[in-house]
Structure formats: structure tokens, C-alpha cells
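Have a look at the structure below, then the notes.
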Amino acid sequence: MSELLFDTAGGIATITLNRPDSGNAFTTEMLGLWEKALRECILDDAIRAVVLTGAGRIFCSGGDVKRMAANTSGGQSAWDRAKYLTDHVHRIPLTLMELDKPYIVAVNGAATGAGMDMALMGDIRFAAESARFAETYIKVGFVAGDGGAWMLPRLVGQPKALEMLWTGDFVSAAEAERIGLVNKVVPDAELLSATQAFAERLANGPTVAIRLMKRMVQQGQTSSFRDALAFAASCAGVVGSTEDHREATAAFAQKRKPEFKGR
């Protein structure tokens, strides 16, 4: 079976990490399929929201520690280690930077190390009650090599991020919700249905406005307030000319539910 499953239906693409017997630890093949799926999500206008989850009881255990041990004992050079990250692992966050559609992560179990960082790359995270999170790099004498040290402080603050990175201790789903690591915790049996329902809500909304709001939020993290206002004005000009905006204002005046076309 493929190490990664990719399905589309009703404007929603679902990416499933599919190595349940190995904790969905990613391989070079999985990363390649993952990037390919994301590229399709970027280019296909029929896809209006993306959901990521893991098969089985674990969301993702990150990189394959056995492979890391073999590389270390085999004398893999520092250059080769860095090159593997940049040529393969980093392709996921870099490709996600180009995805301006909603990217929702459904964390169905433990998310550890790079697996936790892959969850952090979502715009929104839903977690099952049994989900757990840990930055376990320290337990194998390693560092967060795929962006976790950049993303985590922006979600939970620097002190909490350092605590998690320095200890590798697990955080429960309830605690993750309390500190802002996840948006919502739901019963295990309801995780995918709740995530899909939210994705459907976005997929059926005013697509251009949703995509531009994501761009505005992302750009606002690194721009000045003046630049953010200028970009907001440009986005408002674009959205104001869409069919969905005209439909929404007409529906509001007529006191009916709008029917969006995504353009």
C-alpha cells in the first residue's frame, strides 16, 4: 500500500499518513508523495480546503529513528544530514508556504518530534482526546530540524516552547488546547467527522476571501502595520469585485443564505 493516501471529495482534499505499523514515521518516499499531494492542492481550484491526518492510533512519530541511528553509525557526514533535511523534509513546510487554502490537521494520536512539528504547520489543529504532543528531539540528543523551534514559540510563547524542547515531556490534548497548541479537542470517534465538517464549512464559503485572509495573516507576521494596512486595502479591492461578495451582500439584504461559487 502507498505510504500516503490522497483523496478528494466535495472540494476537500484529505492527506493520510499511511505507515501505521511504524507510527507513521515519514520516509523519503512518503515525503515525496506528500509534496506531490500538496502541489496538486495548490494548483487544483476545485480543492478549497485540505485535511491532514494519520492512519491508525498514532498521528506521526516524526523521522525514522532507526534510520537516523544507521546513518550515524555508518558515518554519515554533517553535509549529508543537512542535505537530507533541505532536500526532503523541508520540502513540506516550504510547499505549505505556497498553499493559501485552509490546511487543517486532525491529530488522531501521539504527535512526537518532527511529527509534532508537522502538526504545527497546520493553519488549524483539531485533536482527539487521546492525542499527545511532545518535542522528543532531546531524548535522542537532537534538535528540531524542520521548523519546530520557529513555529512553537509563536503558538505557546518562548518559555513554554523551551520547556517542551528542553524536556521532551508529553502534553495532553486538554493541556494543548489550554496553551493554544490546538484549536479544539473532540472525542476520538468524532475527530474526523468534526474536522471534515469544519473543512466543509470553509470549502463552501467565499473562497477568494478565505484565501486572501490567510495571506493577510501570514504576511502580517513579518510586515509592519503600515505595510499590513496597504496589503489589506489591496485585498479588499480584489474581494470587493468577486461574485461571492456581490452574492453575500445581496443575500444579507434579502435575509437569505448566500450561495457561494468560489469566485
Side-chain angles (χ1 to χ4, degrees), residues 2-6 13-42 50-56 58-99 101 103-123 125 131-155 161 164-166 168 181 218 221:
S2 175
E3 295 188 353
L4 183 137
L5 306 179
F6 180 63
T14 302
I15 299 172
T16 305
L17 310 182
N18 193 40
R19 296 186 70 223
D21 294 340
S22 301
N24 292 321
F26 48 73
T27 63
T28 303
E29 179 186 356
M30 181 191 285
L31 291 167
L33 293 170
W34 200 341
E35 180 187 2
K36 182 180 178 181
L38 291 174
R39 290 286 173 195
E40 184 169 338
C41 293
I42 291 170
V50 185
V51 172
L52 171 71
T53 193
I58 294 176
F59 170 72
C60 182
S61 57
D64 192 325
V65 176
K66 291 182 179 179
R67 178 187 61 80
M68 293 171 62
N71 289 340
T72 300
S73 62
Q76 185 186 42
S77 69
W79 170 256
D80 287 336
R81 291 192 194 98
K83 196 171 188 301
Y84 183 80
L85 284 173
T86 57
D87 289 357
H88 300 287
V89 181
H90 290 178
R91 298 311 308 164
I92 304 306
L94 290 174
T95 303
L96 282 169
M97 291 179 67
E98 302 175 36
L99 179 68
K101 301 170 184 179
Y103 184 62
I104 308 161
V105 179
V107 184
N108 53 294
T112 57
M116 172 174 168
D117 293 341
M118 290 298 186
L120 298 183
M121 295 173 196
D123 300 317
R125 280 161 296 284
R132 300 188 301 158
F133 301 83
E135 294 281 14
T136 50
Y137 299 97
I138 197 72
K139 295 187 177 181
V140 291
F142 208 59
V143 296
D146 61 344
W150 187 90
M151 293 178 287
L152 188 58
R154 286 167 166 75
L155 289 171
M164 294 184 70
L165 289 163
W166 282 342
L181 189 61
Q218 289 179 328
Q221 300 301 304

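We number each residue from 1, following the sequence as shown.
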(request) May I have all residue pairs that pass salt bridge (charged side-chain N to carboxylate O under 4.0 Å, His left out) and include part of residues 85-95, sequence neighbours excluded? (result) E35-R91, K83-D87
(request) Look up atom CD1 in I138 and atom CE in M164, then write down how far apart they are to the nearest 0.5 Å. (result) 13.5 Å
(request) Taking H90 for its side chain and G147 for its backbone only, find out whether a donor-acceptor pair lies under 3.5 Å. (result) no
(message) If I take atom CZ from residue F133 and atom CZ from residue R125, how far apart are they, to the nearest 0.5 angstrom?
(response) 8.0 Å
(request) Indicate the atoms forming the closest heavy-atom contact of M121 with L96, along with that distance. (result) CB-CD1, 3.7 Å
(request) Using salt bridge (Lys or Arg N to Asp or Glu O under 4.0 Å) as the criterion, list what pairs up with D123, not counting sequence neighbours. (result) K214
(request) Quick one: list whatever passes side-chain hydrogen bond (donor to acceptor under 3.5 Å, both in side chains) with T14, sequence neighbours left out. (result) Q196
(request) List in chain and number order the residues that pass side-chain contact (heavy atoms from CB on, under 4.5 Å) with T27, two or more places apart in sequence or in another chain; answer none if no residue qualifies. (result) E3, R19, E29, M30
(request) Would you name the heavy atoms of L152 and L181 that are closest together and state the gap between them? (result) CD1-CD1, 3.7 Å
(message) If I take atom NE2 from residue H88 and atom CZ from residue F26, how far apart are they, to the nearest 0.5 angstrom?
(response) 12.0 Å
(request) Return the set of residues passing side-chain contact (heavy atoms from CB on, under 4.5 Å) with I42 (not counting sequence neighbours), or none when no residue passes. (result) R39, T95, E98, L99
(request) Taking all heavy atoms of G145 and all of Y137, pick out the closest pair and write down the distance. (result) N-CE2, 4.1 Å
(request) Return the set of residues passing side-chain contact (heavy atoms from CB on, under 4.5 Å) with I15 (not counting sequence neighbours), or none when no residue passes. (result) L4, F6, W34, A37, L38, V50, L52
(request) Spell out, as yes or no, whether a donor-acceptor pair under 3.5 Å connects the side chain of D146 to the backbone of L85. (result) no
(message) Can you give me the closest heavy-atom contact between P20 and A55, atom names plus distance?
(response) CB-O, 3.7 Å
Enumerate, atom names and distances included, each donor-acceptor pair closer than 3.5 Å involving a side-chain atom of residues 103-115, sequence neighbours excluded.
| residue | atom | partner | partner atom | Å |
| --- | --- | --- | --- | --- |
| N108 | OD1 | T53 | OG1 | 3.3 |
| N108 | OD1 | G54 | N | 3.1 |
| N108 | ND2 | G54 | O | 3.0 |
| N108 | ND2 | G56 | O | 3.0 |

(message) What I'd like to find out is whether the side chain of N24 reaches to under 4.5 Å of the side chain of M118, using heavy atoms alone.
(response) no
(request) Give the minimum heavy-atom separation between G168 and A134, together with the two atoms involved. (result) O-CB, 3.6 Å
(message) Tell me whether N18 contacts the main-chain N or O of L5 through its side chain, where contact means a donor paired with an acceptor under 3.5 Å.
(response) no
(message) P153: which residues meet the side-chain contact (heavy atoms from CB on, under 4.5 Å) condition with it, sequence neighbours left out?
(response) A161
(request) Using atom types as modelled and distance alone, determine if a side-chain donor or acceptor of T136 lies under 3.5 Å from a backbone N or O of K139. (result) no
